[in-house]
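Residue numbering restarts at 1 for every chain, and letters A, B, ... go by the order of the sequence lines.
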Amino acid sequence: MARDPLISFDKVWKTYGQGEAQVHALSGVDMTIGRGEFVAIMGPSGSGKSTAMNIIGCLDTPTSGRYDFLGIDAGRLDRNRRAVLRNLYVGFVFQGYNLLPRTTAAENVELPLIYRGAPSGERHERAMEALEQVGLMGRQNHTPAELSGGQQQRVAIARAIVTRPTLLVADEPTGNLDTARSHEIMELLTTLNAELGLTIVMVTHEADIAAYAQRTIGFLDGRIASDTRKLEVA
Amino acid sequence: MVWETIRLALRSIRRNVLRSFLTLLGIVIGVAAVIAMITIGNGTTQKVRTDISSLGSNLLVVRAARPDRGGSTSFTPRQLDDKDLDGLRKGLTNAKAVSAASQKSVRVVYAAGNVAADVTGTDTDFFVARDWNASTGRLFTEQEVRGGVNVCVIGETVRQQFFGAGDPDGLTIRVSRMGCRVIGVLQPKGTSGFGQDQDNVVMMPLPTFQRRIAGNRNIDAIYVAAQDGVSTSTVQEGIETILRETRRIAPEADDNFQVRDMTQIADAMASATATMTGMLGAVAAVSLLVGGIGIMNIMLVSVTERTREIGIRLAIGAHEKHILIQFLVEATVLSLLGGLIGIVLGLSLAGAASLALSIPFAPSAAVILLAVGFSALIGMVFGFFPALRGARLDPIDALRHE
Ligand SMILES: Nc1ncnc2c1ncn2[C@@H]1O[C@H](COP(=O)(O)OP(=O)(O)OP(=O)(O)O)[C@@H](O)[C@H]1O
Ligand SMILES: [Mg+2]
């Protein structure tokens, strides 16, 4: 707990709609996540998990309250500044992979580096490195249509880590995969967390997937209902 | 980054070849029309200029005026006649030649063949004024003109039609049922600036023409060649003074005839060409506008289709301006492509036209560059709104889009 805080929510509210139709997706959430942590977020459908993830990943901002990321008041930044923050420090993994269709694995992985203005030689080198890290050497010229679901999710993970981010945000990364493939992906994420010190925040509905994380935060009706840590194995 | 964006644009255009092509049709047609018209117009102008200079810059043409000058709509033009001609012949001191001519397009027959040719009745001075000679045989003489003899000189085209490689000298052709003995063949002059074959002609003495072909004593035009070293404007003043006198025109009244030198005629022709070019320019502008709207439409479709892609790009760190530029470049490349196809098509059309009309092929680098610039501009202008729409998307909504 003495770890350097990377993410800090201070009474974060997120409200959609007006008047009668008003929905509080988040109702005053307080939480802190330190650098290097691997956190699973669980909770029933509609409890505000994705809403919280969007704010954590700097895609969205709180309606009220304060969100600090890397000590920066990220909730007050405009959309282009948040884009820079995402490009430099955040990697995203989605349930539906979200790769560009008809575009090779290597080109998909290079994409975040393009928006950094990296030269093409360096981009390619780093993309190949990232593909190797996720165990997809030799598949760099395959398009998403030519890859299995598990392989596509590996490409998406390679794209997320190619920028050497501080934080990986994964909203139901195994939601579309079978059990065996899900465990392979989780082993990969565990390795990345252990070897690169990558902070991971992941949403899941399955306890055995959440078990890979060191800490599990439970959401209920836009609030944190539980926060449990695995006992450190000595 | 720039190259990446252009490659990306080309890839997305290639992915929908047919759709892209149909979108471009407006731009293609607009640019092709402009390029073809201007190239053909330039060729025509060049041809007219060379024709005029070959006619001789010292030539003036007198015709009965059309009531086209400001205000005087009530006046009637008066036909040129022998009195006008005699007046000019006697009164003009600085003219090398004064010649009367009348013309009609009639059917000319020889043996089993027949052609429609321009038949001109004139005098010997006509050939002096226009600096025209016989290539074989001879021209008619003053005696033959005065006597109204049935002789004629034919143009090269007519000779080829009837006699092939043979010599027509002394043979009789029928011009509108009148028998006419061929005494010579004129030097070929080729096609005029308006695509008219100047060798498809038959020349005969004016009295013969008036009596047997026209059936009246009218003179269509009087040609005056200025003496060497005398300016056409000096001669023009002389002509006007004499004709006002022979026609007894009151001092305050307008001329009822018209004198023009060849440069004025060339200018008139050029301005006619310019009017035509202007009109087609308007058609082209409309089709470019339609083309631009087509591009806007297809870019809106493209942005909608690729909402998810935009969401992904925004999520991983693209700025608004990256997305804006991506779609703007795509629209510009698309429109530029249309422009290039249009230029190639326009130049091909102009090339074919210049062959058919035997005018010079005169493409203008400036106009081609302008077309390139203009089509790029259309892409940018009409691509801007769709691109902005894409750039302004909310990444979360865009990612959720199906
Ligand atoms: N853009 C939006 N407009 C209106 N309401 C929204 C919007 N996004 C989310 N909500 C509402 O906010 C609440 C929380 O949604 P959220 O997507 O965070 O749930 P979740 O925990 O991720 O659920 P799931 O497990 O189904 O993904 C829901 O009631 C949802 O209807
Ligand atoms: Mg969700």
Side-chain angles (χ1 to χ4, degrees), chain A residues 14 16 25 50-51 53-55 57-61 78-104 107-120 123-124 143-144 155-156 158-163 165 168-169 171, chain B residues 1-20 298-299 301-330 333-334 387-402:
Chain A
K14 184 72 186 182
Y16 293 109
S50 294
T51 307
M53 290 296 265
N54 288 338
I55 293 173
C58 302
L59 279 169
D60 208 352
T61 53
D78 67 27
R79 56 186 254 145
N80 284 325
R81 293 222 171 78
R82 278 185 282 119
V84 174
L85 217 54
R86 290 196 298 271
N87 186 252
L88 291 176
Y89 302 110
V90 187
F92 288 92
V93 176
F94 307 93
Q95 179 176 0
Y97 324 131
N98 273 338
L99 299 175
L100 296 190
R102 296 173 292 258
T103 306
T104 65
E107 285 170 321
N108 264 293
V109 176
E110 280 181 39
L111 208 56
L113 297 174
I114 288 181
Y115 295 118
R116 257 184 207 198
S120 103
R123 284 198 320 250
H124 190 71
T143 61
V155 174
R159 182 181 65 192
I161 62 172
V162 75
T163 57
L168 185 81
V169 174
D171 197 341
Chain B
M1 182 84 202
V2 176
W3 179 235
E4 296 295 327
T5 318
I6 292 173
R7 226 184 39 170
L8 200 64
L10 285 173
R11 196 195 281 190
S12 112
I13 290 165
R14 228 182 310 135
R15 211 165 273 160
N16 286 302
V17 180
L18 183 64
R19 190 171 88 180
S20 305
I298 217 67
M299 290 312 296
V301 170
S302 182
V303 165
T304 308
E305 275 179 355
R306 285 150 72 192
T307 299
R308 210 178 167 82
E309 172 188 330
I310 294 170
I312 295 168
R313 290 176 183 276
L314 288 170
I316 64 177
H319 286 215
E320 279 178 38
K321 73 161 192 276
H322 289 131
I323 305 295
L324 187 78
I325 289 170
Q326 181 188 334
F327 283 95
L328 215 47
V329 166
E330 190 171 319
V333 168
L334 193 65
L388 191 66
R389 191 179 223 198
R392 290 272 166 86
L393 284 175
D394 176 55
I396 299 167
D397 291 341
L399 278 170
R400 223 182 267 141
H401 190 265
E402 271 320 305

> Hey, which residues of residues 390-399 of chain B are touching chain A, say heavy atoms under 4.5 Å apart?
Replying inline: B:Ala391, B:Arg392, B:Leu393, B:Asp394, B:Pro395, B:Ile396, B:Leu399

>> Quick check: do A:Thr103 and A:Thr143 have side-chain heavy atoms less than 4.5 Å from each other?
In response: no

> Among A:Leu85, A:Asp60, A:Val90, which residue forms the greatest number of heavy-atom pairs with chain B at distances under 4.5 Å?
Replying inline: A:Asp60

> Should A:Phe94 and B:Ile312 count as side-chain neighbours, where that means a heavy-atom distance under 4.5 Å?
Replying inline: no

> Between B:Ser302 and B:Glu305, is a side chain to side chain donor-acceptor pair (under 3.5 Å) present by the stated rule, with each step listed?
Replying inline: CA-CA 5 Å; B:Ser302 182; B:Glu305 275 179 355; 5.2 Å; no

>> So that I can tick it off, tell me whether A:Arg116 and A:Glu110 are bridged by a salt bridge, with the cut-off set at under 4.0 angstrom between side-chain N and carboxylate O.
In response: no

> So B:Leu388 and B:Leu324, side chain to side chain contact (heavy atoms under 4.5 Å, CB included) or not? Walk me through it.
Replying inline: CA-CA 6 Å; B:Leu388 191 66; B:Leu324 187 78; 3.8 Å; yes

> Between A:Ser50 and chain B, which part of the residue has a heavy atom less than 4.5 Å away: side chain, backbone, both or neither?
Replying inline: neither

> Is there a side-chain contact between B:Leu334 and B:Ile298, using heavy atoms and a 4.5 Å cut-off?
Replying inline: yes

> Hey, mind stepping through B:Phe327 and B:Ile310 against side chain to side chain contact (heavy atoms under 4.5 Å, CB included) and telling me if it holds?
Replying inline: CA-CA 10 Å; B:Phe327 283 95; B:Ile310 294 170; 3.7 Å; yes

> Checking A:Arg81 against chain B: side chain, backbone, both or neither under 4.5 Å from a heavy atom?
Replying inline: neither

> Side chain, backbone, both or neither: which part of B:Arg306 has a heavy atom under 4.5 Å from chain A?
Replying inline: neither

>> Donor-acceptor check, side chain of B:Thr307 to backbone of B:Val303, threshold 3.5 angstrom: yes or no?
In response: yes

> With only heavy atoms counted, which part of A:Leu88 is less than 4.5 Å from chain B, the side chain, the backbone, both or neither?
Replying inline: neither

>> Using side-chain heavy atoms (C-beta onward) and a distance below 4.5 Å, is A:Phe92 in contact with A:Leu59?
In response: yes

> Between B:Glu320, B:Glu309, B:His319, which shows the greatest number of heavy-atom pairs under 4.5 Å with chain A?
Replying inline: B:Glu320

>> Less than 4.5 Å to any heavy atom of chain B: does that hold for the side chain of A:Arg102, its backbone, both, or neither?
In response: both

